[in-house]
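Quick note: residue numbers are just sequence positions, from 1.
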Amino acid sequence: MQLFLSSLAQIMTPMILLYILLGVVMGLVFGAIPGLTGTMAIALCLPLTFGMDPTTAFALLIALYIGGISGGLVSAILINIPGTPSSVATTFDGAPMAKNGQAGKALGAGTFYSMIGNIFGIAVMIFVAPLLAQVALKFGVYEYTAVSLFALSLVSGLAGKSITKGLVSCAVGMLLGCFGAAPIDGYARFTFGISGLEAGFASVPALVGLYALKELLAEAKPTGKVKILNVDTHIKGLGFSKKEFITQIPNMFRSALIGAWIGILPGIGGATANIMAYGIAKKRSKYPEKFGTGIIDGVVASETANNATIGGAMIPLLTLGIPGDAVTAILLGTFTIHGLQPGPLFFSQNYDLIYTIFAAMVVASIVTFLVQFFGMRGFIKVLKLPKHILLPIVIVLCVVGSFGVNNRLFDAWVLIIFGLIGYAMSKFDYPLAPIILGFILGPITETYLRRGLQLSKGSFLPFLTRPISGVFIVLTVAFIALTVINGIRKSKRTEAKNV
């Protein structure tokens, strides 16, 4: 504790605090603009850290990281477009809350529980990092396959009124994830002679297209009228009551645990954590039918989980030298630039820097909360802009952001293609959440499944007999069975009422 306090005192200098503030603000901007992610902000600012000392460099980059993840909730709530893939599930209830005149409550909850998720992930990282890293070492291809299958089983909780339409949406998402070079052997699939398809569909343009362009097309009605929402910018506190906070405690802790654990597992990340936490929150809720209509529970689950992944993702980086996501891969490069090598000996050899990183994450989390809290009323005023002015600006930013991911024009076409797919499916009442779940998790599941089958020489037995993977497969089967049973009971109750 004394070492942490001394590291905190080292961070609390005017220059480092200024860098943290600049990093947070820039991260929030990049996170809030659809297509521009926190990863892009860190990549752009990485050259600036070459001449800095390690403390200042990591303070800036970590502030960008935390601000970028937290910023995605702003556009997710206000215009129903996730600023980052980690905020996809925030749109499910955040946007309906804004349309119902509760934008302040949604933003307040998102901002507060983002900070809670950050602090929880950091606490996990500080107190149990070495232990959890050792557990994560036991995860191989069989375990990753089982976890991915369990996450895919959550599609039942995101399917809406029709489980059939939900499964079709998930299948469409998995099919779209198959385009491009196959994992393991690199065989080109569904390219149709188009060179741009060889790398598949990039996730950021795809997800932004499903929401941003779909939203624009849905609002493009030849009525000649401009719809301006009547928004009250006067917010008391964080917008939610003490009673609501108490009732959300189980949801908060459960979502934080999911986020921290998913963050530890390399390659899965916040895009999966927020959807998984949302699905489980809906399953465990006493009123699952209200999810998607605009309730605080969905925002709490999504924002707590995706921010808790930050601390989780740092654990394998610091203890094993293994990056948990794209951002920590860049941070690994920063360690190398400054002559440091994360790994098992890093904790014992660099205690001062380790706790300086911990302190910087805590300070950046608090600064992010303060910036979002005091800027909340300004954010809400965005809803007062006429849609014919706001949405074209958003689309331009989306196209620029999509192009900037890989600097190729093809990604702008991906934005359009996925926007049309999203619009067509929403017209026929097919939910978009399962598409996203299938698109993100499909390639991950395929990769680990094929690696596992190669390792077992085509046998599925190791997937079932290894303890951790076996448990997750049992949970998956139980989850699906429970969903089917609940569906049958629900249909019987409906039939009884109609008689």
Side-chain angles (χ1 to χ4, degrees), residues 82 85 88 141-142 144-156 158-159 163-211 213-214 265-272 275-276 279 325-326 402 405-406 408-426 428 430-456 458 460 463 473 476 480:
V88 167
V141 289
Y142 305 117
Y144 282 121
T145 303
V147 171
S148 301
L149 287 172
F150 176 71
L152 276 172
S153 71
L154 295 175
V155 68
S156 59
L158 305 172
I163 188 67
T164 303
K165 288 186 175 181
L167 291 173
V168 169
S169 295
C170 185
V172 169
M174 294 179 73
L175 177 63
L176 292 170
C178 290
F179 280 66
I184 314 299
D185 55 23
Y187 185 80
R189 304 181 299 194
F190 307 118
T191 57
F192 307 106
I194 302 172
S195 59
L197 279 173
E198 292 177 0
F201 296 119
S203 60
V204 172
L207 297 181
V208 170
L210 279 172
Y211 280 90
L213 193 58
K214 185 270 296 182
L265 304 177
I268 298 183
T272 302
I275 296 177
M276 182 181 286
D325 57 12
S402 298
V405 173
N406 296 306
R408 58 175 188 167
L409 188 60
F410 178 77
D411 286 332
W413 287 106
V414 171
L415 175 83
I416 296 171
I417 292 167
F418 274 74
L420 294 173
I421 292 172
Y423 178 72
M425 298 195 76
S426 63
F428 292 98
Y430 282 87
L432 294 183
I435 299 179
I436 297 162
L437 192 68
F439 181 73
I440 293 172
L441 288 176
I444 294 172
T445 306
E446 182 189 5
T447 301
Y448 289 122
L449 177 62
R450 293 184 63 178
R451 285 178 180 172
L453 289 173
Q454 280 185 333
L455 192 62
S456 65
F460 286 94
F463 293 94
I473 288 175
T476 302
I480 294 171

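Within the structure, salt bridge (charged side-chain N to carboxylate O under 4.0 Å, His left out) pairs that include any residue of residues 186-207 comprise R189-E446 (at least two apart or interchain). Within the structure, salt bridge (charged side-chain N to carboxylate O under 4.0 Å, His left out) contacts touching residues 171-188 (residues at least two apart or in different chains) are D185-R450.
Here the shortest heavy-atom pairing between S148 and L441 reads O-CD1, 4.3 Å. Nearest heavy atom pair, residue F428 against residue A424, reads CD1-O, 3.1 Å. G166 and P431 get closest at one heavy-atom pair: CA-CG, 4.0 Å. Looking at every heavy atom in both residues, P205 comes nearest to V414 through CB-CG1, 4.0 Å.
One finds the CG atom of L149 at 6.0 Å from the OG1 atom of T476 (value rounded to the nearest 0.5 Å). Once rounded to the nearest 0.5 Å, the distance linking CZ of R451 with OH of Y144 reads 10.5 Å. The distance from the CZ atom of F150 to the CD1 atom of I480 is 10.0 Å, given to the nearest 0.5 Å. Here the CD1 atom belonging to I184 is positioned 10.0 Å from the OH atom belonging to Y448, to the nearest 0.5 angstrom. A distance of 13.5 Å separates CD1 of I435 from CE of M174, quoted to the nearest 0.5 Å.
At least one side-chain heavy atom of F463 sits less than 4.5 Å from a side-chain heavy atom of L449. C170 is listed as a side-chain neighbour of L152, based on a closest heavy-atom distance under 4.5 Å. With contacts defined as side-chain heavy-atom distances shorter than 4.5 Å, the pair L455/Y142 qualifies.
In this structure, the salt bridge (Lys or Arg N to Asp or Glu O under 4.0 Å) partners of R408, at least two apart in sequence or on a different chain, are D411. For I421, the side chain to side chain contact (heavy atoms under 4.5 Å, CB included) partners two or more places apart in sequence, or in a different chain, are L176, I417, M425. F418 pairs by the ring-ring contact (aromatic ring centres under 6.0 Å, His included) definition with F201, F439, not counting sequence neighbours. With sequence neighbours excluded, the residues forming a side chain to side chain contact (heavy atoms under 4.5 Å, CB included) with F190 are L175, C178, F179, F192, listed by chain and number.
Of the possible donor and acceptor atoms, none in the side chain of T191 sits under 3.5 Å from a partner among the backbone N and O of A188. A donor-acceptor pair under 3.5 Å is absent between the side-chain atoms of S169 and the main chain of Y430, judged by distance alone.
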